[in-house]
Amino acid sequence: MLLQGQRFVVTGIASKLSIAWAIAEALHREGASLILTYPNDKIKKRVDMAAEQFGAEMVLPCDVASDESIAACFAEVEAHWGDGINGVVHAIGFAPMDQLNGDFTEVTTREGSQIAHDISAYSFVALAKASRALLAKRHGSLLTLTYEGSISVLPNYNVMGMAKASLEASVRYLASSLGAEGIRVNAISAGPIRTLAASGIQSFRKMLDMNEKIAPLQRNITQMEVGNAALFLLSPWASGITGEILFVDAGFNTVGMSEKMLLANEQDG
Ligand code: NAD
């Protein structure tokens with residue numbers, strides 16, 4: 001087992017479909033010990049289910065909108081695993097629904113933008129601050145989840161595209177800031193997967209269909225393909241990798257124009 005004796009804090013489980021669920025499953029499969037977090041009581045029950053399935057040692061509240069909540073969470077982590085942790089998974093994203101539906105210029109508001117950036121981007125830095133000392137003790141790593149909408153325009157992704165661009169920049173700045181302590185920082189840019197967060201994006205189902213048509217592998221990715229890539233980046237096999245955005249998207253990001261797009265254009269007349 002690749003991760004026997006290693007310890008990870010995993011945020012972002014909201015259902016069995018969550019990317020974080022698959023990451024926790026992959027880490028557990030390789031012998032890792034887990035602490036799982038939840039933002040509020042509504043979600044706790046589902047995180048408890050995951051904890052039971054993956055033998056997690058603790059389930060802790062951690063609302064990343066609150067510095068106090070983050071501090072209290074990592075104080076508990078330190079009380080339990082005082083001699084360090086091997087990794088923290090940040091699988092958190094949120095923007096108000098009205099920001100993800102319609103013309104970008106029209107629907108994007110100051111408040112919506114602040115919330116999206118706070119919860120989806122700054123929170124990664126906040127988790128890095130809170131876990132820094134514990135990660136340094138074991139030369140651990142931080143991992144976050146991003147999406148192609150940070151670098152290309154995708155329908156209705158809107159302000160989340162801005163937030164993900166900020167998140168990706170924070171991966172590079174954190175990697176530079178924490179590298180001297182032996183802490184690595186990486187992201188996975190996942191292709192579209194049907195989850196609760198994704199269901200907030202209008203036209204998501206159509207995007208899944210289009211992805212399948214355009215991607216070189218001619219299909220969408222599975223949750224576990226992200227789980228396995230996360231396992232790699234969090235493991236000693238990736239010890240030389242930091243500040244990296246790894247695409248797990250069936251190759252979608254590599255295509256500028258495909259034969260199928262040309263064909264569809266011809267059929268449109
Ligand atoms: P999900 O809905 O299962 O997970 C989103 C998580 O964010 C939930 O667990 C939710 O509780 C958590 N969250 C929201 N606000 C929070 C807060 N204030 N404090 C703590 N946690 C909070 O959906 P998912 O698709 O698994 O999303 C995980 C990550 O993957 C997100 O960053 C998302 O943007 C990213 N991602 C998703 C896709 C996709 O197509 N599903 C593709 C690329 C990247």
Side-chain angles (χ1 to χ4, degrees), residues 9-25 36-47 49-50 59-70 72-73 88-97 99-100 114-124 126-127 130 143-152 154 156-168 170-171 187-201 203-208 210-212 215 220-227 229-230 245-250 252-253:
V9 177
V10 180
T11 69
I13 292 177
S15 77
K16 285 194 170 185
L17 299 175
S18 295
I19 291 174
W21 183 288
I23 295 175
E25 188 173 341
L36 307 180
T37 74
Y38 62 93
N40 54 49
D41 289 343
K42 225 172 87 189
I43 307 276
K44 181 174 186 300
K45 224 189 277 170
R46 303 196 201 132
V47 180
M49 269 170 52
V59 172
L60 298 173
C62 185
D63 176 358
V64 297
S66 152
D67 285 334
E68 292 73 32
S69 175
I70 294 172
C73 172
V88 176
V89 176
H90 172 272
I92 293 170
F94 178 78
M97 197 77 109
Q99 303 291 291
L100 302 174
Q114 280 169 350
I115 294 171
H117 281 79
D118 185 31
I119 305 299
S120 313
Y122 172 72
S123 64
F124 188 47
L127 291 189
L143 180 74
T144 187
L145 274 305
T146 184
Y147 184 48
E148 164 85 14
S150 62
I151 47 175
S152 305
L154 293 168
N156 294 309
Y157 201 58
N158 292 355
V159 75
M160 276 304 287
M162 295 164 67
K164 290 300 193 192
S166 166
L167 177 69
E168 290 176 21
S170 78
V171 168
I188 290 174
S189 186
I193 299 177
R194 207 184 297 273
T195 61
L196 288 175
S199 67
I201 301 159
S203 63
F204 184 77
R205 195 187 50 75
K206 287 184 193 159
M207 283 165 73
L208 273 175
M210 186 58 94
N211 208 83
E212 196 175 305
N220 282 300
I221 56 153
T222 66
Q223 253 177 311
M224 193 42 84
E225 284 173 320
V226 182
I245 315 289
L246 176 66
F247 283 91
V248 180
D249 66 349
F252 178 85
N253 76 93

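Atoms within a ligand are numbered from 1 in the order they appear, just like the ligands themselves. As the structure is a computational prediction, the values presented were derived from the model and not from experiment.
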Those residues that, when tested against S203, pass side chain to side chain donor-acceptor pair (under 3.5 Å) (two or more places apart) |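 For S203 the side chain to side chain donor-acceptor pair (under 3.5 Å) partners, ignoring immediate neighbours, are N156.
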Contact residues of ligand 1 with a heavy-atom cut-off of under 4.0 Å?
->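 Within 4.0 Å of ligand 1, protein side: G12, I13, A14, S18, I19, P39, C62, D63, V64, A65, A91, I92, G93, I119, L145, T146, Y147, K164, A190, G191, P192, I193, T195, L196, A197, A198, F204.
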Without swapping roles, check the side chain of S120 against the backbone of F94 for a donor-acceptor pair under 3.5 Å.
->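 Pair found, side chain donor or acceptor close to backbone of F94.
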Between the main-chain N or O of M160 and the side-chain N or O of Q99, is there a donor-acceptor pair closer than 3.5 Å?
->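 Not at all, since once roles are kept as given, no pair shorter than 3.5 Å links the two residues.
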Please identify each residue that fulfils salt bridge (charged side-chain N to carboxylate O under 4.0 Å, His left out) with E212, with sequence neighbours left out.
->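 Partners of E212 under the salt bridge (charged side-chain N to carboxylate O under 4.0 Å, His left out) test: none.
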Quick one: list whatever passes salt bridge (charged side-chain N to carboxylate O under 4.0 Å, His left out) with R205, sequence neighbours left out.
->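 Counting only residues at least two positions away or on another chain, R205 forms a salt bridge (charged side-chain N to carboxylate O under 4.0 Å, His left out) with D209.
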Would you indicate whether M210, at its atom CE, is surrounded by more than 12 heavy atoms from other residues, nucleotides or ligands within a distance under 6.0 Å?
->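 No.
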